[in-house]
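Beneath this line is the structure, given in structure tokens, with notes to follow.
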Amino acid sequence: MSSSEGAKRMERDKLERGTIDTQLAALGTWFLEAEESKWIVRKYRFATFLQAIAFVNEVAQLSEALNHHPMIAIDYKMVTLRLTSWSAGGLTELDFRTAAKFDQAYAQLTR
Ligand SMILES: C[C@H](O)[C@H](O)[C@H]1CNC2=NC(N)=NC(=O)C2=N1
């Protein structure tokens, strides 16, 4: 197995609660949805509805590129994203890498 295949497998391994808490602290923007440690969630606020929709389109592109897809709720000018790895039955490194990408996209669209 190549080292990149090895890294991919690890990235999709289910994380322990301690690692999840460390990753959440590193992001500083996402929260555990419930105590089961299965979903992380973030609400993004925008100045306009169309800005929110532009963000959702960017999230769609990033998700396809990463082959990792969030649950998306659009509530007028607020977008809620939820991430988990259903294949692993919990949260993985990939969820946190994806969350960081979404945060970057938000920072770019709102700066
Ligand atoms: C076959 C394909 O790789 C899987 O269905 C992918 C697609 N996108 C995904 N997205 C998320 N969030 N979790 C997954 O487990 C997942 N699995």
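Indexing begins at 1, ligand by ligand and atom by atom, following the structure's order.
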List the steps, then state whether side-chain hydrogen bond (donor to acceptor under 3.5 Å, both in side chains) holds for T92 with R12. CA-CA 5 Å; T92 63; R12 290 179 184 270; over 6 Å; no
Residues in salt bridge (Lys or Arg N to Asp or Glu O under 4.0 Å) with E33, at least two apart? R82
Heavy-atom contacts with ligand 1 below 4.0 Å: which residues, ordered by chain and residue number? N67, H68, H69, T84, S85, W86, S87
Could you check whether R42 pairs with D103 (Lys NZ or Arg NE/NH1/NH2 to Asp/Glu carboxylate O, under 4.0 Å)? yes
For R45, is the CZ atom crowded, meaning more than 12 foreign heavy atoms sit under 6.0 Å from it? no
Is the distance between the ring centroids of F102 and F55 under 6.0 Å? no
For Q51 and L109, the nearest pair of non-hydrogen atoms, with its separation, is NE2-O, 3.2 Å
